[in-house]
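Worksheet for the structure shown next.
These figures come from a predicted structure and were not determined experimentally. So you know, we letter chains A, B, ... as the sequences are listed, proteins then strands, and number each from 1.
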Amino acid sequence: MSVERVALAVDADGPGGALQRLDAAGAPLGGPQRLLDAAAAVRLVEDAPAAPRWVWRNARTYRRLLAAGVTVARCHDVELVEGLLVAADGRFGAPHGIAAAAARLAGREPAADPAPEEDPEADPDRPALFAAAPRDVDPDPLGTLVAVHAEQQRRLAAQDARFRLLATAESAGGIVAEEMRAAGLPWREDVHDRLLTTQLGPRPAGFARPARLVELNEEISIAFGREVNPDSPAEVIRAFGRAGHELESTRSWLIKRIDHPAVAPLLAYKELSRLHTANGWTWLRTWVKDGRFRPEYVVGGVVSGRWATRGGGALQIPRAVRGAVRADPGRRLVVADASQLEPRILAAMAGDAGLARAGGEDTDLYAALAEDLFDGDRARAKLALLSAMYGQTSGGAGVLLGTLRRRFPAAVQFVEDAARAGEEGRLVRSWLGRTSPAARPGDEIPAAARARGRFTRNFVVQATAAEWALVLLAELRSALRRAGNPAELVLFQHDEVLLHCPDEVAEDTAAAVRRAAATAGRRLFGDSPVRFPMDARVVDGYDEKEAGAVEEVLPA
DNA sequence: ACAGACTGCGCC
DNA sequence: AAAGGGCGCAGTCTGT
């Protein structure tokens with residue numbers, strides 16, 4: 001029997017570990033093998049003609065390999081797969097760490113997953129004094145890994161091919177996330193500082209507020225005729241109240257409607273204050289080291305399967321500082337984002353022939369729809385589709401939705417079925433089988449049921465878009481490896497990827513992204529006519545827009 | 001004094 | 001009649 005997989009457990013302390021060769025079902029071939037240098041052993045096995053799929057507990061194993069300069073082609077991430085399997089069984093959010101999986105396997109009730117900080121592998125260099133209490137240390141981590149993996153292979157065999165693709169893609173996501181963190185997003189501290197200084201004034205000493213914020217605060221207070229703290233919503237509401245303007249909240253779109261001299265400086269203050277507190281000098285000092293921003297990505301960290309990040313807010317880099325993301329000398333950035341991804345996903349998964357036709361071109365789907373249905377009014381076409389996917393009905397959205405329903409009944413029916421399932425407390429699944437959380441007590445109360453309906457309505461689209469993007473990432477990574485293209489993935493943001501590469505391969509890299517997008521579409525939807533175009537541009541800075549690019553303010 | 005909820009806004 | 005999905009983060013507010 002041929003070796004298909006190799007289970008790998010690395011020691012918590014030191015470079016050693018153990019591996020176990022497995023067949024496709026996860027059954028051991030031969031005995032476990034002790035390793036003095038796990039990374040060196042992996043490199044040897046990986047360089048053999050048929051590289052196996054590595055089976056590991058989670059991506060921290062890969063972080064160790066990367067630190068030793070070793071990469072691999074494929075893996076099976078047991079903890080990520082366990083999360084998918086647990087959710088598929090209707091127990092979204094149940095513990096899915098390896099200890100919990102092992103406990104279930106032994107017929108015991110699993111304990112809660114350890115918090116990341118408690119993870120004994122989290123920081124091998126942490127002084128023993130602060131190490132987690134040595135409770136529940138597994139005496140045979142490799143044996144546990146092998147047993148849990150075999151059980152997962154059994155459960156995966158009972159699922160369909162789509163779900164197995166999801167498990168593979170999620171695991172690949174774990175690899176990509178670690179590689180992105182290792183590569184880091186190129187970040188020019190001097191450019192960032194200049195952007196901040198231009199907008200906020202010079203960097204203040206200590207904890208003082210920047211000059212521009214202090215000035216604006218004074219203008220606000222003068223306009224109100226008394227000292228007002230613009231950071232306090234309650235004070236702002238009281239101040240406007242005294243001036244005869246009743247406010248329900250201090251959201252900027254409400255303030256914008258008021259005619260009062262404090263409005264302009266207040267709005268300016270809010271915008272700049274946010275820049276200062278969220279992405280100012282403190283952020284820069286905390287998160288950027290040696291010209292790289294290295295956030296920690298949490299694969300599948302969002303219920304819909306989107307990624308989250310821990311620290312640094314990497315998925316919310318504001319436009320105001322994107323100019324600081326610049327390629328190193330001799331290198332370029334390839335910035336690629338999917339065009340109108342979610343409506344295209346809806347068209348493909350609903351099998352709506354009409355909407356698929358509108359999405360069957362590489363051109364702007366909203367514009368095509370507007371031409372066809374909304375007298376060329378792109379904004380209305382977009383609102384109609386977003387309303388269908390989010391459940392919005394206010395602001396004329398209801399009428400637009402009716403128009404959409406008459407022309408694209410299958411697409412609208414699809415999301416409304418998902419909404420009804422949610423309202424009735426049922427589970428919904430994405431195209432590949434990611435499963436929504438179960439309804440909670442109280443969700444049968446009408447208002448909560450409607451909210452859950454909006455959630456499940458959006459879930460089927462957002463989760464499928466997320467898995468399309470995941471498959472794209474996996475395809476792109478393996479295509480680059482096959483081609484020997486040294487481009488590095490450095491940022492992934494829902495429907496957008498950034499790569500950092502030598503100048504001379506930039507155009508090849510952009511082409512690879514477009515091909516990977518098409519491949520991802522085929523992997524998910526076979527011969528669906530829906531196209532998944534990506535706008536991929538080669539730039540020096542993340543803020544550079546291609547001429548004539550369509551501004552997207554709302555989700556694509 | 002501290003923790004958690006709430007608010008508001010950035011991103012998709 | 002009205003009903004807008006998913007996040008992370010910093011600051012304020014509230015409860016203990």
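Looking at heavy-atom distances under 4.0 Å, A:R322 makes contact with sugar-phosphate atoms alone, never a base. Within the nucleic acid shown, A:S249 comes within 4.0 Å of sugar-phosphate atoms alone, with no base atom in reach, counting heavy atoms only. At the heavy-atom level, A:L275 lies nowhere under 4.0 Å from the strands shown. A:V303 comes within 4.0 angstrom of sugar-phosphate atoms only, judged by non-hydrogen atoms across all strands, and of no base. Nucleic acid contact for A:G311: sugar-phosphate only, since backbone atoms but no base atoms lie under 4.0 Å from a heavy atom of the residue. Residue A:G312 is in sugar-phosphate contact alone, with no base atom involved, counting any heavy-atom pair closer than 4.0 Å across all strands shown.
Toward the 5' end of DNA chain C, the nearer of the two residues A:G313 and A:S304, judged by each one's closest nucleotide, is A:S304.
Rounded to whole angstrom, the span from the CE atom of A:M389 across to the P atom of B:dC12 amounts to 15 Å. B:dC12 atom P lies 14 Å from atom CG of A:L386, rounded to whole Å. A straight line from NZ of A:K382 to C1' of B:dC12 spans 11 Å, rounded to a whole angstrom. As rounded to whole Å, 13 Å separates atom P of B:dC9 from atom CG of A:L272. One can place CD of A:Q462 at 17 Å from P of C:dG4, the figure rounded to the nearest angstrom. Rounded to a whole Å, the CZ atom of A:R319 is 14 Å from the C1' atom of B:dC9. With rounding to whole Å, A:F293 atom CZ is found 12 Å from B:dC11 atom C1'. Following rounding to the nearest Å, A:I317 (CD1) and C:dC9 (C1') show an atom-to-atom distance of 14 Å.
When distances run from any side-chain atom of A:P318 to the nucleotides B:dG10, B:dC9, B:dC12, the shortest one goes to B:dG10. Of the listed nucleotides (B:dC12, C:dA3, C:dG5), C:dA3 has the atom at the smallest distance from the side chain of A:T393. If you check B:dC12, C:dC7, B:dG8 against the side chain of A:T250, the one that comes closest is B:dG8.
Taking the six-membered ring where the residue is Trp, the centroids of A:F525 and A:W431 are separated by under 6.0 Å.
At distances below 3.5 Å, not a single donor-acceptor pair connects side-chain atoms of A:T250 with backbone N or O atoms of A:P233.
In this model, the phosphate group of B:dC9 is not approached by any side-chain N or O of A:R274 to a distance below 4.0 Å at OP1 or OP2. OP1 and OP2 of C:dG6 both lie 4.0 Å or more from every side-chain N or O belonging to A:R306. A close approach under 4.0 Å does occur between a side-chain nitrogen or oxygen of A:K270 and OP1 or OP2 of B:dC9. Distances shorter than 4.0 Å separate none of the side-chain N or O atoms of A:R452 from OP1 or OP2 on C:dA3. Side-chain nitrogen and oxygen atoms of A:R454 include none within less than 4.0 Å of the OP1 or OP2 phosphate oxygen of C:dA3.
In this view, A:R322 satisfies the salt bridge (Lys or Arg N to Asp or Glu O under 4.0 Å) rule with no residue, not counting sequence neighbours.
Pairing each heavy atom of A:T464 with each of A:M349, the nearest pair is OG1-CE, 3.2 Å.
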Contact string for nucleotides 11-16 of chain C, one letter per nucleotide 5' to 3', B = base within protein heavy-atom range under 4.0 Å, S = sugar-phosphate only, - = neither, reads SSS---
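By the 30° and 60° cut-offs, the orientation of the rings of A:H245 relative to A:F240 is perpendicular. Aromatic ring pairs are classed by plane angle as parallel below 30°, tilted from 30° to 60° and perpendicular above 60°; the pair A:W283 and A:W187 is tilted.
By the criterion of a centre-to-centre distance under 5.5 Å and near-parallel planes under 30°, the ring of A:Y390 forms a stack with the base of C:dG5.
The number of heavy atoms from other shown groups lying within 6.0 Å of CG (A:D290) does not exceed 12. Atom CD of A:E424 is surrounded by more than 12 heavy atoms from other residues, nucleotides or ligands within 6.0 Å.
Looking at A:V428 and A:R457, their side chains never come closer than 4.5 Å, going by heavy atoms from C-beta outward.
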